[in-house]
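Please read the structure below before turning to the comments.
Positions are given from 1 along the sequence. In this text the structure is predicted, and so the values were computed from the model without any measurement.
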Amino acid sequence: MDNKEAKTIVNQSFNMIFGKSNPISLDTIFSKFAFDIKLPKKVLDSLTSQETWTETIHSNRFITQSNMKIYDKQKGWMIPKQDVKNLKDIIDIWKKINYTTTERQYDCINVSQSDPIYKCENAFRCSDCRSCRNIVFCDGCANCEFTIASQRTANSGFCLRVDDSGSCTNSYNVICSNNISNSFFIQDCNSLHECIFCSHIANKQYCISNMQFEEKEYFMIKNQIVDWILGSLNT
């Protein structure tokens, strides 16, 4: 997974969420939407000096998962027994062989800049995600696809900036909600379809700011909101 592939996932998601093309770069996506998400940081492999990615920042010695396996095969991690006089000697020896493993990937396909990640396919700079496909800048997500800059969310697809939620589709900026579709700026809601700027309501459609609208007037306002959202991304 490289930057170009990640950008393709973002572009497809934008089309489904907003019905329009993505107007900004991958770096801007990160700065606008993923700035506060706990994502892997770039460090250097202590043996090879190559760039690698880790969620663990409380360390100064790193090794990629692949290099750890190569070292184990070529040299092995066991060392000859040494004379030790005290606990300090043991700890000093341990420090020499103790590296923080980076880019931990388990049963994954086409994953990069991610750590750790489990049973995922096509993931870019994600952390602690499970059974996801086509995700970018996500943390703690499960069973999601085409999900961007989201965290602690499950069973969702074509979502941007969805946090602590489940079963969301084609939606943007959803917090602590469930069963949300084709909606923007939703908080603490359940079972909404085509709603915008709504909080603490359930089982509604065509609502804006918790007010009920007719379908035609709703979409007229929604189009203006989409233009406002996308227009603000370039500022």
Does Asp107 pair with Lys119 as a salt bridge, N-O distance under 4.0 Å? no
Measure the SG-CD distance between Cys120 and Gln105 for me, rounded to the nearest 0.5 Å. 9.5 Å
I'd like to know if the side chain of Ser183 and the backbone of Ser181 have a donor-acceptor N/O pair within less than 3.5 Å. yes
For the residue pair Arg161 and Phe33, would you count it as a cation-pi contact if the rule is NZ or CZ under 6.0 angstrom from the ring centre and within 45 degrees of the ring axis? no
On a heavy-atom basis, which atom in Ser127 and which in Lys38 lie closest, and how many Å separate them? CB-O, 4.0 Å
Does Phe219 offer a backbone N or O that forms a donor-acceptor pair with the side chain of Asn223 under 3.5 Å? yes
With the side chain counted from C-beta on, respond yes when Ser21 and Asn15 share a heavy-atom pair under 4.5 Å apart, and no when they do not. yes
Between Phe184 and Lys222, is there a cation-pi geometry (under 6.0 Å to ring centre, at most 45° from the normal)? yes
Heavy atoms of Ala154 and Ser156 approach each other most closely as O-OG, 3.0 Å
Quick one: do the Thr52 and Glu103 side chains pair a donor with an acceptor below 3.5 Å? yes
So CG of Leu39 and CD of Glu55: to nearest 0.5 Å the spacing works out to 10.5 Å
For Ser114 and Pro40, which heavy atoms make the closest approach, and how far apart are they? CA-CG, 4.0 Å
Do the ring centers of Tyr218 and Tyr206 come within less than 6.0 Å of each other? yes
NZ/Lys41: more than 12 non-hydrogen atoms of other groups inside 6.0 Å: yes
Residues passing the salt bridge (charged side-chain N to carboxylate O under 4.0 Å, His left out) test with Glu5, sequence neighbours excluded, are none
Counting N and O atoms only, with roles assigned by atom type, does the side chain of Ser150 sit under 3.5 Å from a partner on the main chain of Leu160, one being a donor and the other an acceptor? no
Sorted by chain and residue number, the side chain to side chain contact (heavy atoms under 4.5 Å, CB included) partners of Met78 (sequence neighbours excluded) come out as none
Neighbour count above 12 (heavy atom, 6.0 Å) for Gln50 CD: yes
With side chain to side chain contact (heavy atoms under 4.5 Å, CB included) as the test, would you mind laying out the steps for Lys42 and Gln113 before giving the verdict? CA-CA 8 Å; Lys42 182 167 64 176; Gln113 300 185 17; over 6 Å; no
dist Ile186:CD1 -> Leu192:CG (nearest 0.5 Å) comes out at 5.5 Å
Partner of Phe124 by side-chain contact (heavy atoms from CB on, under 4.5 Å), out of Asn3, Asn110, Ile9, Val111: Asn3
Would you say Val174 ends up clustered with Ile225 if hydrophobic residues are merged whenever their side chains have heavy atoms under 4.5 Å apart, either directly or through other cluster members? no
Could you check whether any side-chain N or O of Gln212 sits under 3.5 Å from a backbone N or O of Gln205, counting only pairs where one atom can act as donor and the other as acceptor? yes
Tell me which pairs pass side chain to side chain donor-acceptor pair (under 3.5 Å) where either residue lies in residues 165-174, with sequence neighbours left out. none
If a pair satisfies side chain to side chain donor-acceptor pair (under 3.5 Å) and one of its residues is in residues 87-98, list it, with sequence neighbours excluded. Lys88-Asp92
Which side-chain N or O atoms in residues 130-149 pair as donor and acceptor under 3.5 Å with protein atoms at least two apart or in another chain?
residue : atom : partner : partner atom : Å
Arg130  : NH1  : Asp128  : OD1          : 2.5
Arg133  : NH1  : Glu145  : OE1          : 3.2
Asn134  : OD1  : Asn122  : ND2          : 2.9
Thr147  : OG1  : Glu145  : O            : 3.0

With a 4.5 Å cut-off on side-chain heavy-atom distances among I, L, V, M, F, W and Y, is there a chain of contacts connecting Ile229 to Ile29? yes
With distance as the sole test, does Ser191 use its side chain to make a donor-acceptor pair with the main-chain N or O of Asn179 at under 3.5 Å? no
From Met68 atom CE to Arg104 atom CZ, the distance as rounded to the nearest 0.5 Å: 10.0 Å
Counting distance only, does the side-chain N/O of Thr153 pair as donor-acceptor with the main-chain N or O of Val162 below 3.5 Å? yes
Same cluster or not: are Phe158 and Val10 linked, directly or through other Ile, Leu, Val, Met, Phe, Trp or Tyr residues, by side-chain heavy atoms under 4.5 angstrom apart? yes
Would you find a donor on one side and an acceptor on the other, under 3.5 Å apart, between the side chain of Ser112 and the backbone of Met1? yes
Are the side chain of Ser209 and the backbone of Met211 linked by a donor-acceptor contact shorter than 3.5 Å? no
Start with the C-alpha gap between Lys20 and Leu230, add the side-chain angles, then the distance that decides, and say whether side chain to side chain contact (heavy atoms under 4.5 Å, CB included) holds. CA-CA 9 Å; Lys20 294 188 177 183; Leu230 298 184; 3.8 Å; yes
Please report the interatomic distance CG(Asp115) to OG1(Thr102), rounded to the nearest 0.5 Å. 6.5 Å
Any link between Phe185 and Ile221 through a network of hydrophobic side chains (Ile, Leu, Val, Met, Phe, Trp, Tyr) touching at under 4.5 Å? yes
Test item: Trp53 side-chain N/O and Cys126 main-chain N/O as donor-acceptor pair under 3.5 Å: no
Can Phe18 be reached from Leu26 by stepping across I, L, V, M, F, W or Y side chains whose heavy atoms are under 4.5 Å apart? yes
Residues in side chain to side chain contact (heavy atoms under 4.5 Å, CB included) contact with Ser25, at least two apart in sequence or another chain: Asp27, Thr28
Can you tell me how far apart CD1 (Ile90) and CD (Gln82) are? Round to the nearest 0.5 Å. 11.0 Å
With heavy-atom distances below 4.5 Å as the criterion, would you say the side chains of Thr54 and Phe62 are in contact? yes
Are the side chain of Asn210 and the backbone of Ser199 linked by a donor-acceptor contact shorter than 3.5 Å? yes
